[in-house]
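This report refers to the structure that appears directly beneath it.
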Amino acid sequence: MITQERDGWELPDWQRQQADLITDPAELLDLLGLTPGDLPSCLAAAGDFPLRVPRSYAALMEPGNPDDPLLRQVLSVPEELREQPGYGADPLEEGEHTAVPGLLHKYHGRALLVVTGACAVHCRYCFRRHFPYQSHLSGKRWDQALAWLAERPDIHEVILSGGDPLTLNNRRLAQLLDALAGIPHLRRLRIHSRTPVVIPERLDEGLLERLANPRWRTVLVLHANHPREISASLADRCRQWQRAGITLLNQSVLLAGVNDEVEALVALSDRLHEAGVLPYYLHQLDRVQGAAHFAVADAKALELHRALRARLPGFLVPRLSREEPGEPAKTVLAG
Ligand SMILES: *Cc1c(COP(=O)(O)O)cnc(C)c1O
Ligand code: SF4
């Protein structure tokens with residue numbers, strides 16, 4: 001649940017959007033002029049990871065197209081209920097890398113903070129859809145994680161993740177950033193977020209002021225999968241953030257029926273670059289229960305990557321990668 005602040009002030013626009021999400025599949029389908037096919041099965045598949053879509057994201061979908069690549073990312077389908085061998089609840093064995101609750105330490109010099117369990121959108125392929133957020137976020141919140149970081153001078157980069165860290169309001173984020181700023185060996189601040197893609201207004205002035213602070217080298221990693229997700233308003237804001245000195249990157253997940261064709265991936269890189277964002281990773285799907293219908297075979301993924309290299313300048317080709325438990329870095333299948 002998103003906690004709303006009501007101090008007698010109007011909520012910022014992005015927070016109002018975040019409080020007014022579409023959560024009923026029938027409403028979403030109706031908005032798009034689609035007749036529900038097997039709605040009961042879709043609802044059953046949604047289970048404990050229900051539909052959650054900002055209206056501004058729904059507005060980017062193509063009306064009348066049941067196979068729309070944006071719709072496919074958010075609407076549950078009966079295939080999710082099928083058990084698939086090799087697909088589990090914690091595909092990355094993140095349980096094993098939890099240094100203290102709310103902090104994952106897996107790679108040299110970097111630590112990842114699970115700052116919230118909330119997201120502005122629920123993505124059907126999400127590898128953390130079964131993540132035990134309760135056990136990470138209960139109790140004293142960030143205190144233990146901050147204490148751990150303070151004692152680890154080998155950690156130079158803190159990554160805010162979740163859930164989605166930008167679902168937190170600026171006041172909450174400022175509290176966390178102030179605490180982190182007091183830990184001298186932390187130099188790089190990285191934020192992984194999909195919120196700006198679904199609610200571009202989240203990239204607001206107050207947040208920019210905080211992040212463009214000389215205390216940090218700040219990197220914002222967006223999560224866009226399809227060229228149509230780079231709306232004009234997102235691109236405008238990204239360009240403004242880039243001018244302010246924030247490094248902007250994007251990571252995508254390769255998803256069957258969403259972006260598993262050359263034209264979509266070429267257009268995505270082009271549009272990102274026009275917005276001042278460089279493609280970083282193109283991830284092979286993590287094998288999470290309920291997401292098997294999004295999987296793209298490695299052979300096809302490699303072929304797509306070769307085609308991208310033939311079409312784009314090298315700096316607009318994302319690294320095709322996969323996360324393998326126990327490895328010292330993400331495994332790059334093609335660079
Ligand atoms: C992906 C990930 C990182 C960041 O990896 P980069 O290759 O630096 O982007 C850091 N920590 C954890 C736990 C991760 O899953
Ligand atoms: S926004 Fe990110 S963490 Fe949240 S559901 Fe989507 S992929 Fe998962």
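Every number for a ligand or one of its atoms is a count from 1 in the order of the listing. Quick note: residue numbers are just sequence positions, from 1. Values below: all heavy atoms of this structure, side chains included; hydrogens, waters and symmetry mates excluded.
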Please list, one pair per line, the donor and acceptor atoms closer than 3.5 Å that link side chains of residues 249-257 to other protein atoms, with sequence neighbours excluded.
from: N250; atom 1: OD1; to: A224; atom 2: N; distance (Å): 2.7
from: N250; atom 1: ND2; to: A224; atom 2: O; distance (Å): 3.1
from: N250; atom 1: ND2; to: S252; atom 2: OG; distance (Å): 3.2
from: Q251; atom 1: OE1; to: H283; atom 2: NE2; distance (Å): 2.8
from: Q251; atom 1: NE2; to: H192; atom 2: ND1; distance (Å): 3.1
from: S252; atom 1: OG; to: A224; atom 2: O; distance (Å): 2.7

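Qualifying side chain to side chain donor-acceptor pair (under 3.5 Å) partners for S161, counting only residues two or more places apart in sequence or in other chains: R128.
For atom 6 (Fe) of ligand 2, the N/O/S atoms of H122 include none lying under 2.8 Å. Taking 2.8 Å as the threshold, C126 counts as a candidate ligand of atom 8 (Fe) of ligand 2, since one of its N, O or S atoms lies below it.
At a cut-off of 3.5 Å, with distance as the only test, no side-chain donor of D286 or Y87 sits close to an acceptor on the other residue. Q73 and E229 are linked by a side-chain donor-acceptor pair at a separation below 3.5 angstrom, with hydrogens and angles left out of the test.
Side chain of T116 to backbone of A118: a donor-acceptor contact under 3.5 angstrom is found.
Sorted by chain and number, the heavy-atom contacts of ligand 1 below 4.0 Å come from K106, Y107, R110, L112, I159, R190, Y280, Y281, E323, K330.
Close approach to H223 involves these atoms of ligand 2, each under 4.0 Å from a residue heavy atom: 7 (S). Those atoms of ligand 2 with a heavy atom of C119 less than 4.0 angstrom away are 1 (S), 3 (S), 4 (Fe), 5 (S).
Applying the side chain to side chain donor-acceptor pair (under 3.5 Å) definition to pairs two or more places apart or across chains, those involving residues 301-317 are E263-R311.
One finds no salt bridge joining D298 and K300 here, because no Lys/Arg side-chain nitrogen approaches an Asp/Glu carboxylate oxygen to under 4.0 Å.
At most 12 non-hydrogen atoms from other residues, nucleotides or ligands lie less than 6.0 angstrom from CZ of R217.
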